[in-house]
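Heads up: the structure comes next, in structure tokens.
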Amino acid sequence: MSSPKDFVLSCPLPLTDYPTVTLAHGGGGKLTHQLLEKMILPAFQSPLLETRHDGAVFGIGESRLAFTTDSYVVSPLFFPGGDIGTLAINGTVNDLAMCGARPLYLSCGLILEEGLPMDTLWRVVKSLKSAADAARVQLVTGDTKVVDKGKGDGVFINTAGIGLIDYGQPISPASVRAGDVVLLSGDIGRHGIAIMASREGLEFETQIDSDCAPLASAVQKLLASGVEVHCLRDLTRGGLGTTLIEIAESARLHIGIEETAIPVREDVAAACEVLGFDPLYLANEGRFIAIVPQKDAERALAAMRSEEPATGTVRIGRVTDSPSGMVTMKSRIGTSRIVDMLSGEQLPRIC
Amino acid sequence: MKFVSEYRDAAACAGYAKTIARLTTRPWTIMEICGGQTHSIVKFGLDELLPPQLTLVHGPGCPVCVTPLELIDKAVAIASRPDVIFCSFGDMLRVPGSDCDLFSVKARGGDIRILYSPLDALRIARENPLKQVVFFAVGFETTAPAHAMAAFQAKQLGLKNFSLLVSHVLVPPAMDAILSSPDCRVQGFLAAGHVCAVMGFEEYLPLAAMYRVPIIVTGFEPLDILQGIAMCVAQLEQGRHEVENQYTRTVQTQGNLPAQELMKNVFRVVDRKWRGVGSIPASGLGLRSEYAEFDAELRFDLSAYTAEENSVCISGLIMQGLKKPHECPAFATACTPEKPLGAPMVSSEGACAAYFRYRRHDTPAPAMKA
């Protein structure tokens, strides 16, 4: 039985700040972090939750497991290079992979809007199946709910997953040390632009496909190569910039990156110029960073480059002591600037 | 990338930095007009490449920042109506009004859509005949032709459910206001290249002559800006005050004549209030009487709105080049992008946002000279 005091759950987020939820609370930027820090984490006070990793890592018997969940509300449901089904599988598989786990079993909850064409649902289901096969995971339990027309956006999907961890060392920002190097598994920004283009009906000379892909096998290759792996993160919502800031803040270290070392495909860079976006903050669904000790950098690069979709892995920067909690970037003209977390979604500019 | 990477070339930038250092023998203060230029300067750290005698101050050329508070309040009032689809460029949604921003209206159920072109709003109006579709027409001379085209096409199509909430401003009157102020320290200007792409640059000739300031029509890439500064310093050192065009790949002397013609047919010059600065005579555009049916202020009867600006925010001083963002007592404390006191902290072209995003870690840029 809980004591009565446990039921007193006063909201620590001052109502005057934001009396209602805004889209920026889900954008992965500062407001999302505030929501976590001021409301969610204090409400649950769980040490596993406090680690704020992509998933929770814990032991059961002799085994160490990773457990994670994610919800998918992408619009449109189908976009160049993927769809909500591939996202729902790969997103959760990748979160497990970032814990150093071999993904094994997934659950899937479908929230369907009344009036959704059966044909659309079948396309999503087929896509879930083929993505699960490609990622070598089994979808073993699930749930279906239908909401009134107008109360959903066609299909919302939640998946949760568990995976087994063989790697012995903790993979987290707390393991990052000054002197480590930052490796990026390939070019960034394609998913964000693909979604934006299909949502807004923008057309480019070449089609920009989402990079949506499972990362577990590339991560397993890296872990099996015998190098020390300090931290892994996939670069989803908020992109490379936000991910690096999160790591620098939790590790209380500085990460310095070089703009010229970060691969951005020319068509993505061009789209960013036109739309006023910074590729550093664009979402990816098949990219991750690995932070490893300097001594292991070459072996880690080779291991990652040996497996799709990480064959384009490059070194983009290194970790130092100060300024603590900050990310800075050396620009292509040789000057240095801070990389800051965005407040909410990137907004198209006026001119 | 063609037409971009050439203008971000490290060796060429270093070359221009050397030229500027060689040319500069005395302290000079140069204002870049456009917020897009401010962001390039701060993002690429261009001022780090300049000799200490040169001070760059940031001008009023951010359309989001200068849109007066009561216009935001009017936008909020219109967007809150259930019969309205309110369309806007993305930047405007985070700008604080007296009570709330447009994002909050969206969160409360307002139908607010982010568009890239006002012409998309015409399509939305045709597809939703039972709704009133309103486009928030803000900006300088750069966006005015597209807004004029939207009004022109709406008239051709006989659309009854489309209107514009107009808050257009013009660059030359703002430069005049800055130069005529007794506190003015600006000795040379980088004029906004894209404004000049539309308007040409002949209207700057009287300003340069009357106030004896060099005005360089300048682009937005690092190399453009460094070249513009070099041209400006060269004039200052030689005692010249001419209008020169650095941005020749885009700007022609006469500008875009068909665009100007369209603007003249749809808009007339009006007095306009600038957020943080106050009213400047003949500094804005409003719809001509022939287009009054597309004026959202008349359609929704909002002419009585007035609003008081926050007294702590010094955005007016910042936009006139009298203060820099980090000299504001509220900078990064009471005023942040999450809880902005003024528009320059949230606009993608706002000087405060640029300093907040790229500059908090090191010592502030050289302070204004007393």
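Side-chain atoms are counted along with the backbone in the values below, which use heavy atoms only and exclude waters and symmetry mates. In this text the structure is predicted, and so the values were computed from the model without any measurement. Below, chain A is the first sequence line, B the second, and so on; all start at residue 1.
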OH (B/Tyr16) with more than 12 external heavy atoms under 6.0 Å: no
Above 12 or not: heavy atoms from other molecules or residues under 6.0 Å from CG of A/Asp209?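 Yes, the 6.0 Å shell around CG holds more than 12 heavy atoms from other groups.
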Does a side-chain heavy-atom distance below 4.5 Å link [X] with [Y]?
X: A/Thr335; Y: B/Leu46; result: no
X: A/Leu275; Y: B/Tyr116; result: yes
X: A/Asp340; Y: B/Tyr358; result: no
X: B/Arg357; Y: A/Asp278; result: yes

Where is the tightest heavy-atom contact between B/Glu48 and A/Ser336, given as atom of each residue plus distance?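 Heavy-atom minimum between the residues: OE2-O, 3.3 Å.
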Looking at every non-hydrogen atom in both residues, tell me the closest pair between B/Phe44 and A/Ile333 and how far apart they are.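 Residues B/Phe44 and A/Ile333, closest heavy atoms: O-CD1, 3.7 Å.
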Heavy-atom distance under 4.5 Å to chain A: side chain of B/Lys43, backbone, both or neither? both
Structural part of B/Leu49 lying under 4.5 Å from a heavy atom of chain A: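 The side chain, not the backbone.
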Partner chain A: residue of B/Gly45, B/Ala11, B/Ala12 with the largest heavy-atom pair count (under 4.5 Å):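 Of the options given, most contacts go to B/Gly45.
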Can A/Glu273 and B/Arg8 be counted as an ion pair, charged N to O under 4.0 angstrom? yes
From CA spacing to verdict: side chain to side chain contact (heavy atoms under 4.5 Å, CB included), A/Leu31, B/Glu338: CA-CA 8 Å; A/Leu31 288 184; B/Glu338 291 77 52; 3.9 Å; yes
Can you tell me how far CD of A/Glu266 sits from OG of B/Ser5, rounded to the nearest 0.5 angstrom?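 Here the rounded value is 7.0 Å.
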Can you say whether A/Ser331 sits under 4.5 Å from chain B via the side chain, the backbone, both, or neither, judging by heavy atoms? side chain
